[in-house]
S.K.: 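Here's a structure for you.
So that the names make sense, note that chain A is the first sequence line, chain B the second, and so on, each numbered from 1. Every heavy atom of this structure was used, including side-chain atoms; hydrogens, water molecules and symmetry mates were not.
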Protein chains: 2
Amino acid sequence: MKIDPDNKTDLSAQIAAAIRDAIISGALIVDERLPSEAELSEQFNVSRPTVREALKRLAAQSLIRTQRGAFGGAFVNRLSYPEAYGQQITTSTLLLSMNSVSFDVACEARYALERACAPLSAQRRTPDHLATMRAEIHRQSQPGLSDVAFCASDVTFHRALVDGADNPVLSYQLAGAVEAMQPLMNMITFTARSREKIVGLHSRITDALEAQDADAADAALVDLESYTLHLGRDVMAARVKAHAK
Amino acid sequence: MKIDPDNKTDLSAQIAAAIRDAIISGALIVDERLPSEAELSEQFNVSRPTVREALKRLAAQSLIRTQRGAFGGAFVNRLSYPEAYGQQITTSTLLLSMNSVSFDVACEARYALERACAPLSAQRRTPDHLATMRAEIHRQSQPGLSDVAFCASDVTFHRALVDGADNPVLSYQLAGAVEAMQPLMNMITFTARSREKIVGLHSRITDALEAQDADAADAALVDLESYTLHLGRDVMAARVKAHAK
DNA sequence: GCTTTTAAAATGTCAGACATTTAAATGTAA
DNA sequence: TTACATTTAAATGTCTGACATTTTAAAAGC
C-alpha cells in the first residue's frame, strides 16, 4: 500500500483509496485488523489526524469499523445487507432528488424492476410475505391515514413483494428503487377514490402471488404502474398550472 | 442542526449525520456553501479536527465537495450519475464478495434485472447501442483474448444492453448488478467451445433488439442465464472436487 | 484603465497533549 | 484453585495551536 508523493489531491483521500483498494482486491480480508493509527501515520509518512480523516472516509462507506480500547483499532468490516441497503437508499434518494429525474422515468424504472421480481415472488413467497402484504392493504384502507403514512405503508407492501422473491441480492438492488420513489410519491395527494383503486390493485397483486400466478401478478403490476403514472402526471399538470398563474 | 450531547457515539459521526439529514431533507440545497470549518466547530461546540472528520465522511459519500482558498469551503454536491454508479458498484462488489453469495443467487438477480430492461431496450436501443454490442461480440470472438478481457467485454456488452433502455435510473441500478458479477465470472475458465456458445447467444440478443423483438430478446437472455448458470456450476463442482482431494 | 501586487480567508497538514475506553495481566481473598 | 477486584497498557476520541498552501478579491502601481 503506497501513495503517490507528487499527487496534488488530499492525502487523506489517497490513503483512503489505497486502503479501499486493498480491501476490494482481497489483500485485506474481513475482520482483519488494520495497523493502528500511529503505525499507519508512520507507514504513509503523514500525521495522525490525516490518517484519521482517511479512516473516517472508509467508515462512512462501512468498509471498516473501529473499536476503542486495548486491542481495539480499525477492522475490515463485513458489509452486511442492512448496511448495503442503507447506502443504496441514501444514494438513490439523493440521485433522484438532485437530478430532477422525472416522475415518469423513476416510475418506469421502479416497476420494471419490481416486475422482474414478481415471477420469482409468485414461486417462493411465504405465508409471512402474504400476511405482511394483507396487513398493509388493511392499513391502507383506514380512512384517517395521512398521505405520508399511506406512502410508507406502500413502501412496506412493495418491499414484501420484493422480499418474496427470496433473493437477497435482488432485495438489496430493489431497496433503492422502491424507497427512493417515496419522496416523489409523497408529493401526490391521495384522494379516497385513488386510494380505493390502489388498494384494489394491491389486493389483485397479493391474490396473484398467493395463487402463484406470475402472469396475473405481472398484469396487476402493469395496471398499477399505469395508474401511478396517471396520478403523477395529474400532480405535475396541476403544478405547472399553478406555476403559470 | 443539533447533536445529542449525551450520546456516546463519535461526535464526528453525529455531526456528519446531522448535516446529511439536512441535505436529504432539503434544508441544505445543491451548491449551497456550508459554514466554514471554524464556524461549524463553534456551532457544534467541538474542535476543528472533529468537524473535519465529519466532513470527510460526507465527502466519501459524494454528498459534499470542498474547495480551498478564499471563498472556498464545503459545498453541497449534486450527486452525478457517474458518482452514483461508482458507489453502487463498490457497494455491490463488496456485498457479493464478503457475504459468500452463491453464484446461483447472483446470477438469478442479474438476469432478472437485465430481462426487465430488455423490452425497453428493444423499443429504444439506438444504432449506437447495437454497434457497441456488435463490436464487443467481435472482440469476444478473437482467439487470443484472456479470460479477464473476455469478462470485461461481456460487461461492456451487457451495459450497452441496459443503456439501450434509455432510462438513467435503470442504468444506475443495473450498474451494480452487472459489474459486481464480474469477479464471480472471472473465476470461470472460458473454453473455446463455451465462448462460441456465449457469442452465439449475444448475437441472438443483439439481433432480437435490432428487430425490436422483445420476446426473442427475453428468450435469448433466459438461455444465456441457464448457460451461465451451467458454466458456474461446473466450476463450483470442480472446485469442490479439487478441495476433496 | 489595465496589470501587478498584496492581503485575507479558507482548507490542508502537522505536532503534541490529554481523555476515555477496553481487555488482558496481575494480585488478592475465599 | 477459583473467583473477583485492581492495575496497566494500548488504542481510539478529542482538543489546542500552529503553519502551509491555495484561491480570490481588493488595493496598489503603472
S.K.: So where does chain B start and stop touching DNA chain C, 5' to 3', when the test is distance under 4.0 Å to a non-hydrogen atom?
M.R.: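 Terminal contacting nucleotides, 5' to 3': C:dA8 to C:dT13.
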S.K.: In terms of relative ring orientation, are B:His158 and B:Tyr111 parallel, tilted or perpendicular, with 30° and 60° separating the classes?
M.R.: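 Perpendicular.
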S.K.: Verify the distance criterion only: is there a donor paired with an acceptor across the side chains of B:Thr132 and B:His129 at less than 3.5 Å?
M.R.: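 On atom types as modelled, these side chains do not qualify, holding no pair under 3.5 Å.
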S.K.: Taking it one step at a time, do A:Ser171 and A:Asp163 satisfy side-chain hydrogen bond (donor to acceptor under 3.5 Å, both in side chains)?
M.R.: CA-CA 6 Å; A:Ser171 292; A:Asp163 290 340; 2.9 Å; yes
S.K.: Is B:Arg68 side chain donor-acceptor paired with the D:dT23 base, going by distance under 3.5 Å alone?
M.R.: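 Result: no qualifying N/O pair found.
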S.K.: Given 3.5 Å as the limit, does a donor-acceptor pair link the side chain of B:Gln173 with the main chain of B:Leu170, or not?
M.R.: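 Side chain of B:Gln173 to backbone of B:Leu170, a donor-acceptor pair under 3.5 Å: no, none is there.
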S.K.: Just checking, is any N or O donor in the side chain of A:Ser92 or B:Tyr172 under 3.5 Å from an acceptor N or O on the other one?
M.R.: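 Short answer, yes.
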S.K.: For A:Arg65, report the nucleic acid contact type (base, sugar-phosphate, nothing); a contact means any heavy atom under 4.0 Å.
M.R.: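 No contact.
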S.K.: Let me know, please, whether B:Pro35 or A:Gln67 comes out on the 5' side of the other along DNA chain C by nearest nucleotide.
M.R.: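 Nearest-nucleotide comparison on DNA chain C picks B:Pro35.
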S.K.: Nearest heavy atom decides the nucleotide; on that basis, is B:Ser36 or A:Phe71 closer to the 5' end of DNA chain C?
M.R.: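 Residue closer to the 5' terminus by nearest nucleotide: B:Ser36.
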S.K.: Does the side chain of B:Glu83 come under 3.5 Å of the side chain of B:Gln61 through a donor N or O and an acceptor N or O?
M.R.: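 Side-chain D/A pair, B:Glu83 to B:Gln61: absent.
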S.K.: Looking only at side chains, do B:Ser62 and B:Gln87 share a donor and an acceptor under 3.5 Å apart?
M.R.: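 Short answer, yes.
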S.K.: Just the table, please: protein N/O against nucleotides 15-17 of chain D N/O, every pair under 3.5 Å.
M.R.:
| residue | atom | partner | partner atom | Å |
| --- | --- | --- | --- | --- |
| D:dC15 | OP2 | B:Ser47 | N | 2.9 |
| D:dC15 | OP2 | B:Ser47 | OG | 2.9 |
| D:dC15 | OP2 | B:Thr50 | OG1 | 2.8 |

S.K.: Judged by modelled atom types alone, do A:Thr156 and A:Ser153 share a side-chain donor-acceptor pair under 3.5 Å?
M.R.: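 On atom types as modelled, these side chains do not qualify, holding no pair under 3.5 Å.
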